Chemist: 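Right, I'll just put the structure down here and ask away after.
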Amino acid sequence: MKRIVNVVGARPNFMKIAPIQRVMRKFPNEIEPLLLHTGQHYDERMSKFFFEDLQLPQPDIYLGVGSGSHAEQTAKIMVDFEKVCLEHKPDMVLVVGDVNSTVACSLVASKLWIPVVHVEAGLRSFDRRMPEELNRLVTDTLSDHLFVTEKSGMENLAREGVDPAKVHFVGNVMIDSLAYFLEKAAQSPILQQLELTQRNYVLVTLHRPSNVDDPENFLKIISAFERIPKDTPIVFPIHPRTEKNIKAFGLEERVRALSNLKLLSPVGYLDFMQLTQNCKFVMTDSGGIQEETTYLGIPCITLRENTERPSTVEVGTNEIVGTDLDKILPLIDRLFAGQWKKGAIPEKWDGHAAERIVEVLRRV
Ligand code: UD1
Ligand code: UDP
């Protein structure tokens, strides 16, 4: 019997762990999955809602670390997670993505000689000012089994000299969740609740420090929203970091002046998928939403200078524009003129990545 601790901490982790946890439970004589939540995200709307929507079991272990500086948060997780590992003696620790919980738990496990499994390995933005890039580099260096979502990840790990025997190209667990829950999401009443009609609104999310901790960039993005015709609602479920900064930078009035803006609290997974699959296009700086829009064939304007997910641009419906208005505004105009690339679904984004991962984990 293999005892595997599956780690979640922040919003983008829940939809990645859900399919893995579900497939692991199909092998009760071989795998004992323990779900551990660090508590990096803790608001109902950033955490609890996702357990309900994604049918995740309650965490077996909750660390409740909360917010803090990078060092504080990472250190708190490490101190608490070390105790968990010593008590529960897992055979493996499985981490997903690139958040602080990912790197903190990888470091603890590897120092205790517990094999580390990284799901979504190999992605690189080549921008070390992004905290996630540092988390990715460290986690991949420490990992014993690396599961990759797209071809660029295979190339990056090969270039960095990672032993190919440790690397598996399995596809994308985030898309597993999307494919699994798409029909259920279509029953969400959110469009009626917000009085939205199909393909007649723009969906926005923003939370990257490079955008929302920098008043100049934040203002540029708000002025891009002003280009969207007033009869087209802009639906903006707002991340807590972003909400705090609107207040801190005194941008409330500028935001309020956008008469077509619908500011919402963060919404649950099923509601968000329903909003995504029915919108005209998405403007975002999220990692995961670039992938979800590619899978759904929905145009995505990514308000970042780079992406660690190049297949969404090369194969999918994504365009990277940063905060340069000379790039953003013509794209908005093109979308309103009904022009966009068609896009395709990247290889192995077929809803079965978690099955491939668990198949490998049963063998190793
Ligand atoms: C984190 C991840 C980022 C990921 C994002 C997804 C890191 C370094 N960053 O960024 O990669 O894209 O989650 O959403 O791990 N806050 C609340 N309630 C919460 C959580 C956070 O109010 O439930 C507020 C706190 O003021 C906190 C701030 O948001 O200081 C930022 O939270 P944090 O987890 O540090 O980073 P995110 O910006 O959420
Ligand atoms: N998401 C959601 N509700 C929201 C915003 C995002 O359910 O209000 C989902 C989104 O569809 C995706 C995940 O959260 O599945 C991405 O998380 P986020 O953008 O916070 O993190 P990132 O992917 O940038 O690390």
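For clarity, every value in this text was computed on a predicted model and none was experimentally measured. Counting convention: from 1, in listed order, for ligands and their atoms alike.
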Chemist: Any carboxylate oxygen within less than 4.0 angstrom of a Lys/Arg side-chain nitrogen, looking at Glu120 and Lys16?
Modeler: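 Looking at Glu120 and Lys16, the cut-off is met.
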
Chemist: Heavy atoms only: which of His239, Gln73, Glu44 is nearest to atom 35 (O) of ligand 1?
Modeler: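 The nearest heavy atom belongs to Gln73.
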
Chemist: Please report which non-hydrogen protein atom sits nearest to atom 18 (N) of ligand 1, along with the residue it belongs to and the distance in Å to one decimal place.
Modeler: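 Result for atom 18 (N) of ligand 1: Asp43 OD2, 2.9 Å.
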
Chemist: Please state which protein non-hydrogen atom is closest to atom 17 (C) of ligand 1 and give its distance, to 0.1 Å?
Modeler: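 Result for atom 17 (C) of ligand 1: Tyr42 OH, 3.3 Å.
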
Chemist: So does Arg136 pair up with Glu132, basic N to acidic O under 4.0 Å?
Modeler: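 Judged by the 4.0 Å cut-off on N to carboxylate O distance, Arg136 and Glu132 do not form a salt bridge.
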
Chemist: Can the ring centres of Phe49 and Tyr269 be said to be less than 6.0 Å apart?
Modeler: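 No - the distance between ring centres of Phe49 and Tyr269 does not fall below the 6.0 Å cut-off.
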
Chemist: In terms of atom number and element, which parts of ligand 1 are under 4.0 angstrom from non-hydrogen atoms of Val99?
Modeler: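 Near Val99, meaning under 4.0 Å from one of its heavy atoms, ligand 1 has 2 (C), 11 (O), 15 (O).
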
Chemist: Could you tell me if Gln40 and Ser101 have a donor-acceptor pair between their side chains, going purely by distance under 3.5 Å?
Modeler: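 Judged by distance alone, the side chains do pair up.
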
Chemist: Ligand 1 and Asn135, any nitrogen or oxygen pair closer than 3.5 angstrom?
Modeler: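 N/O-N/O distance under 3.5 Å: no.
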
Chemist: For residues Asn172 and Ala353, report the shortest heavy-atom separation together with the two atoms involved.
Modeler: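 Scanning both residues, the minimum pair turns out to be N-CB, 3.5 Å.
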
Chemist: Look only at interatomic distance and state if Asn100 has a nitrogen or oxygen under 3.5 Å from any nitrogen or oxygen of ligand 1.
Modeler: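 The answer is yes, given that Asn100 and ligand 1 share an N or O pair closer than 3.5 Å.
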
Chemist: Could you work out, for atom 34 (O) of ligand 1, the closest of Arg208, Lys48, Arg45, Gln40 by heavy-atom distance?
Modeler: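 Nearest option to atom 34 (O) of ligand 1, by heavy atoms: Gln40.
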
Chemist: If you draw the axis of the six-membered ring of Tyr180, does the NZ or CZ of Arg22 fall within 45° of it and under 6.0 Å from the ring centre?
Modeler: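 Judged by the rule, Arg22 and Tyr180 form a cation-pi pair.
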
Chemist: Identify the closest protein heavy atom to atom 6 (C) of ligand 1: which residue and atom is it, and at what distance?
Modeler: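 That would be Pro12 CD, 3.4 Å.
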
Chemist: Kindly assign one of parallel, tilted or perpendicular to the pair Phe218 and Phe249, based on the angle between their ring planes and the thresholds 30° and 60°.
Modeler: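 Geometry flag for Phe249 against Phe218: perpendicular rings.
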
Chemist: Heavy-atom distance to atom 12 (O) of ligand 1: which of His207, Glu132, Glu243, Lys244 wins?
Modeler: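 Closest candidate by heavy-atom distance is His207.
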
Chemist: Residues in side-chain hydrogen bond (donor to acceptor under 3.5 Å, both in side chains) with Ser311, at least two apart?
Modeler: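 Result, side-chain hydrogen bond (donor to acceptor under 3.5 Å, both in side chains) vs Ser311: Glu150.
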
Chemist: Salt bridge or not for Glu30 and Arg362, using N-O below 4.0 Å?
Modeler: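 Arg362 and Glu30: salt-bridged.
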
Chemist: Mind checking what residues have non-hydrogen atoms under 4.0 angstrom from ligand 2?
Modeler: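 Residues near ligand 2: Arg11, Pro12, Met15, Phe50, Met174, His207, Arg208, Pro237, Pro266, Val267, Gly268, Tyr269, Phe272, Met273, Ser286, Gly287, Gly288, Ile289, Glu292.
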
Chemist: In the protein, which heavy atom is nearest to atom 20 (C) of ligand 1, and how far is it?
Modeler: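 That would be His41 CD2, 3.4 Å.
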
Chemist: Can a cation-pi geometry be assigned to Arg356 and Phe147, taking NZ or CZ under 6.0 Å from the six-membered ring centre and within 45° of the ring axis?
Modeler: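 No.
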
Chemist: Between Arg241 and Asp213, is the closest basic N to carboxylate O distance under 4.0 Å?
Modeler: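 Result for this pair is yes, salt bridge flagged.
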
Chemist: Identify, by atom number and element, the atoms of ligand 1 in contact range of Met46, meaning under 4.0 Å from any of its heavy atoms.
Modeler: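 It comes down to these atoms of ligand 1: 23 (O).
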
Chemist: Would you mind checking which non-hydrogen protein atom is closest to atom 38 (O) of ligand 1, with the distance to 0.1 Å?
Modeler: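 For this ligand atom, the closest protein heavy atom is Arg241 NE, 2.7 Å.
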
Chemist: If the test is side-chain hydrogen bond (donor to acceptor under 3.5 Å, both in side chains), which one of Arg11, His37, His41 qualifies with Ser47?
Modeler: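 Between Ser47 and the candidates, side-chain hydrogen bond (donor to acceptor under 3.5 Å, both in side chains) is satisfied uniquely by His37.
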
Chemist: Report the part of Pro209 (side chain from C-beta onward, or backbone N, CA, C, O) that has a heavy atom under 4.0 Å from ligand 1; answer both or neither where that applies.
Modeler: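 It is neither; nothing of Pro209 touches ligand 1.
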
Chemist: Within the 4.0 Å heavy-atom shell around Pro240, which atoms of ligand 1 are there?
Modeler: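 It comes down to these atoms of ligand 1: 16 (N), 17 (C), 18 (N), 22 (O), 24 (C).
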
Chemist: Are Glu32 and Arg3 within salt-bridge range, i.e. N to O under 4.0 Å?
Modeler: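 Yes.
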
Chemist: Among all protein heavy atoms, pick out the one at the shortest distance from atom 27 (C) of ligand 1; state its residue, atom name and that distance to 0.1 Å.
Modeler: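 Scanning the protein heavy atoms, the shortest distance from atom 27 (C) of ligand 1 goes to Ser67 OG, 3.3 Å.
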
